[in-house]
Amino acid sequence: MPNTALLRRASALAVMIAMPGFALAQAPQKTPAPTPAASTPAATAPAEPAPDTVVATVNGKPITQGDLANAADDPALSLPGVDEAQKKNLLVDYMVDLRVGAQAAEAAKVGDTPEFKRKLAYFRDKLLLDDYLEQEAKRAVTPEAEHAIYDQTVKLMKPEEEVHARHILVDNEAEAKKIAARIKGGEDFAKVAAETSKDPGSKAEGGDLGWFTKERMVPDFATAAFAMKAGQVSDPIKTQFGWHVIKVEEKRTKPQPTFDELKEQIDQHLIRKSQQDMILKLRSEAKIERTDAPPAAETAPEPKKP
């Protein structure tokens, strides 16, 4: 007869491996929070436990809140859709399994092998570099540096013309001519587009394509649209997609992006550049000797002349 206690508690490691499915199956249903009475004071969020707070012990060795935080930062242990209480329980179980396994491996002298020591040295170097690069990134991203990059970027941006247009796409020229005649005769473009257009992306929006620059459209379409005036309806235009009737709603010079719109890209640029510059500087200052270079090929002696 199987051990029911073992069946009830699956290994936390196994749970983590199957976590995406587990999270979807086990995440509790959200229910509306009860409305507090008017006289009930607002609840204060509990203070975050200190990193050295012990949450469990394994054979007398503590597992701390800081250990859980390190595990939670591991991309392999991502737990989307899991509430905080459940996540903590899973991380504690994971750390317990990790510790009992590590203690068994240590007793078996796994850590004494040359191969393990090489791996340990490699991952120590990697963690040191990762943390060092993170510190460099924090130093690089400052408001002054961000705004300097933004100002340089917008100065280099050339003014671009944009068109806000609608279109109707059909299969043949004859049908396109009939549609153009209907619209020029006074029918509403959006209504006709919803009835007749073959373009699934814009049909439901009355043929609306929004704002676009010239290079975003195929050449024949773009040439026609940018040559038109606001309010004008085109004759049929042929492209590789079929026949189009175009209406230009508005034209403008494309506005420059705001600082907030570019901030994420600017920050990534500053981080990458600072980290790259730091590594190049460290390499230039270090004494590096390559011992794996292949020996120079020997030059074959020239054949003797007869």
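Since the model is a prediction, treat every value here as computed from it, not as a measurement.
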*With a 4.5 Å heavy-atom cut-off, do Arg99 and Asp67 have their side chains touching?*
yes
message: Quick one, Ser202 and His167 - any side-chain contact, counting heavy atoms below 4.5 Å?
response: yes
**Message:** So for atom CD, which belongs to Glu146, do other residues, nucleotides or ligands contribute more than 12 heavy atoms lying within a distance under 6.0 Å?
**Reply:** yes
Inset, instruction - Give the ring-plane orientation class for Trp211 versus His164, where under 30° counts as parallel, over 60° as perpendicular and anything between as tilted. - result: tilted
Under 3.5 Å: donor-acceptor pair, side chain of Arg166, backbone of Gly210 = no
When rounded to the nearest 0.5 Å, the distance separating CD of Gln240 from CZ of Phe221 is 11.5 Å
**Asked** Would you say Glu106 has more than 12 foreign heavy atoms packed within less than 6.0 Å of its CD?
**Response** no
Q) Do the side chains of Glu162 and Pro255 get nearer than 4.5 Å, heavy atoms only? A) yes
Heavy-atom nearest pair, Val110 first then Thr113, reads O-OG1, 3.2 Å
| Counting distance only, does the side-chain N/O of Thr53 pair as donor-acceptor with the main-chain N or O of Pro49 below 3.5 Å? | no
### Task
Ignoring hydrogens and angles, tell me if any N or O in the side chain of Thr57 forms a donor-acceptor pair with the backbone of Gly60 under 3.5 Å.
no
Please determine whether the number of non-hydrogen atoms from other residues, nucleotides or ligands lying under 6.0 Å from atom CD of Glu285 exceeds 12. yes
For this session: Tell me, with the steps shown, if Glu136 and Arg139 meet side chain to side chain contact (heavy atoms under 4.5 Å, CB included).
Result: CA-CA 5 Å; Glu136 183 64 24; Arg139 286 193 292 268; 2.7 Å; yes
Q. Salt bridge between Asp277 and Lys273, side-chain N to carboxylate O under 4.0 Å?
A. yes
Ala56 and Val92 have their tightest heavy-atom pair at CB-CG1, 4.3 Å
Shared hydrophobic cluster for Leu270 and Tyr132 (ILVMFWY, side-chain gaps under 4.5 Å) = no
inquiry  = When you compare the side chain of Ile149 with that of Leu262, does any pair of heavy atoms fall below 4.5 Å?
reply    = no
* Salt-bridged, Lys126 to Asp130, with N to O below 4.0 Å? -> yes
Note to self: Grouping I, L, V, M, F, W and Y whenever their side-chain heavy atoms are under 4.5 Å apart, do Val54 and Leu68 come out in a common cluster?
What the structure shows: no
Distance col, row Lys158:NZ vs Glu160:CD, nearest 0.5 angstrom, shows 10.0 Å
Rounding to 0.5 Å, atoms CE (Met157) and CD (Gln256) come to a distance of 7.0 Å
Residues Ala140 and Ala145: closest non-hydrogen pair is O-CB, 3.7 Å
Here the gap from Ile246 atom CD1 to Met228 atom CE, rounded to the nearest 0.5 Å, amounts to 6.0 Å
For residues 168-190, run the donor-acceptor check on the side chains, cut-off 3.5 Å, and write out each pair with its distance to 0.1 Å, sequence neighbours left out.
| residue | atom | partner | partner atom | Å |
| --- | --- | --- | --- | --- |
| Asn172 | OD1 | Ala174 | N | 3.3 |
| Asn172 | OD1 | Glu175 | N | 2.8 |
| Arg182 | NE | Glu187 | OE1 | 3.4 |
| Arg182 | NE | Glu187 | OE2 | 3.0 |
| Arg182 | NH2 | Glu187 | OE1 | 2.9 |
| Arg182 | NH2 | Glu195 | OE1 | 3.2 |
| Lys184 | NZ | Asp235 | OD1 | 2.6 |
| Asp188 | OD2 | Ala190 | N | 3.3 |
| Asp188 | OD2 | Lys191 | N | 2.9 |

Checklist entry - Do the side chains of Trp243 and Ile237 get nearer than 4.5 Å, heavy atoms only? => result no
**Prompt:** Lys238 versus Asp220: any side-chain heavy-atom pair under 4.5 Å?
**Reply:** no
Looking at Lys214 and Glu161, does any basic side-chain N land under 4.0 Å from a carboxylate oxygen? no
message = Quick check: do Arg118 and Glu115 have side-chain heavy atoms less than 4.5 Å from each other?
response = yes
Side chain to side chain contact (heavy atoms under 4.5 Å, CB included) with Tyr94: of Asp97, Leu98, Leu90, only one passes, and it is Leu98
Smallest heavy-atom separation, Leu77 atom then Ala71 atom, equals CD1-O, 3.4 Å
### Query
Would you say Lys88 and Gln65 make side-chain contact, with heavy atoms under 4.5 Å?
yes
Does either side chain, that of His244 or that of Thr239, offer a donor lying less than 3.5 Å from an acceptor on the other one? yes
key: Co-membership, hydrophobic cluster, residues Leu209 and Val233, 4.5 Å side-chain   = no
Here the pair of heavy atoms bringing Val248 nearest to Ala225 is CG2-O, 3.5 Å
Here the pair of heavy atoms bringing Gly231 nearest to Lys247 is O-CE, 4.3 Å
Worksheet item: With a 4.0 Å cut-off, would you call Lys287 and Glu289 a salt bridge?
Response: yes
Between the NZ atom in Lys254 and the OG1 atom in Thr213, the distance rounded to the nearest 0.5 Å is 5.5 Å
Task: Salt bridge Asp83-Lys87, side-chain N to carboxylate O under 4.0 Å - done: no
Between the CD1 atom in Ile271 and the CG atom in Leu133, the distance rounded to the nearest 0.5 Å is 10.5 Å
What's the verdict on salt bridge (Lys or Arg N to Asp or Glu O under 4.0 Å) for Asp267 and Lys263, showing C-alpha distance, side-chain angles and the deciding distance?
CA-CA 6 Å; Asp267 289 351; Lys263 186 178 185 303; 2.9 Å; yes
